[in-house]
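Atoms within a ligand are numbered from 1 in the order they appear, just like the ligands themselves.
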Amino acid sequence: MLTIGTHAHPSPHKDALYILLHRNQVLVEKHQNFLIPFTHFQPNANMSAVYCGQWHNQDIFVCRFESIPKGFEEMGLRDLLFLQDNDHYLLLSRAHQLSTWDRDHQFCGRCGTSMDKKHPVEHTKICPKCNLRHYPRISPCVIISIRKENSILLARGHQAPKGKYSNIAGFVEAGETLEQAVSREISEEIGIKVNNIRYVDSQPWSFPHQLMVGFFADYKSGEITPAPGEIDEANWYDINDLPNIPNPTTISGQLILKHIEQMKQNTEGK
Ligand SMILES: [Zn+2]
């Protein structure tokens with residue numbers, strides 16, 4: 001488990017472990033190992049290292065490289081995340097998000113001053129001219145598994161490959177509650193109304209900085225009407241006859257599996 005802590009962030013050192021990124025790819029050694037000891041690579045002067053916290057009493061840093069150091073292979077973040085248990089998933093997600101924050105906040109968004117200094121204890125950069133604080137960006141998104149009798153709703157987004165179905169999901173708008181976002185997204189994307197909206201679970205999704213907030217909801221009224229250009233297909237699927245569902249590493253897959261389990265238990269209990 002990763003400990004974030006409130007102590008001063010250390011500088012990179014030889015006893016730490018490093019997560020190395022090249023563009024949006026992760027550099028791995030044999031067996032897809034992404035936690036790299038200091039002795040396995042040559043840090044260079046251009047390397048920007050961000051402290052991520054302590055992992056089993058070892059300091060973890062994430063570094064971005066301009067070219068691939070010898071002895072490493074690149075692996076897509078998504079592919080690598082799908083291979084992880086929950087603790088490793090969260091560590092890798094955090095490292096990627098912190099590195100993205102470091103890369104994307106080189107200058108103050110208000111006055112344009114260069115932001116080369118990080119806060120010694122917190123993950124924030126404070127503009128030396130106007131004092132504006134720049135934190136890692138986190139974008140909340142709702143994702144919903146919707147039930148109607150013994151079926152759940154699955155949809156295929158406009159960009160998704162054929163045969164790939166998932167839940168309805170979307171970004172929370174400014175000034176909106178999570179529940180309002182759930183109702184709005186469902187109404188906009190498939191034209192139905194839901195009730196009994198209840199929170200289930202959450203998961204960081206580092207593409208690049210979403211926090212997915214998972215809900216169950218029950219169908220209330222309306223006919224499925226997919227939004228043109230957004231949703232190509234949406235249908236009710238009997239829980240005993242589902243098409244391909246998302247990878248269970250993702251909250252999307254987990255929501256569907258949990259919902260089905262709950263629905264089966266409710267049926268047995270009747
Ligand atoms: Zn500024």
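The count of protein N, O or S atoms under 2.8 Å from the Zn ion (ligand 1) stands at 4, with waters excluded from the count.
For the residue pair Gly175 and Gln180, the shortest heavy atom distance occurs at O-OE1, 4.3 Å. Residues Ile197 and Glu179 come closest through the heavy atom pair CD1-O, 4.0 Å. For the pair Leu257 and Pro248, the tightest heavy-atom approach, listed with the atom from each and the gap, is CD1-CB, 4.0 Å.
His134 contributes no side-chain N or O that, together with a main-chain N or O of His105, makes up a donor-acceptor pair within less than 3.5 Å.
Ion pairing of Asp102 with Lys125 is present here, as a side-chain N (NZ or NE/NH1/NH2) and a carboxylate O approach within less than 4.0 Å.
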Side-chain donor-acceptor pairs under 3.5 Å in residues 209-221, sequence neighbours left out?
| residue | atom | partner | partner atom | Å |
| --- | --- | --- | --- | --- |
| His209 | ND1 | Ser139 | OG | 3.0 |
| Gln210 | NE2 | Phe207 | O | 3.2 |
| Asp218 | OD1 | Arg198 | NH1 | 3.1 |
| Asp218 | OD2 | Asn196 | ND2 | 2.9 |
| Tyr219 | OH | Gly222 | N | 3.2 |
| Tyr219 | OH | Gly222 | O | 2.6 |

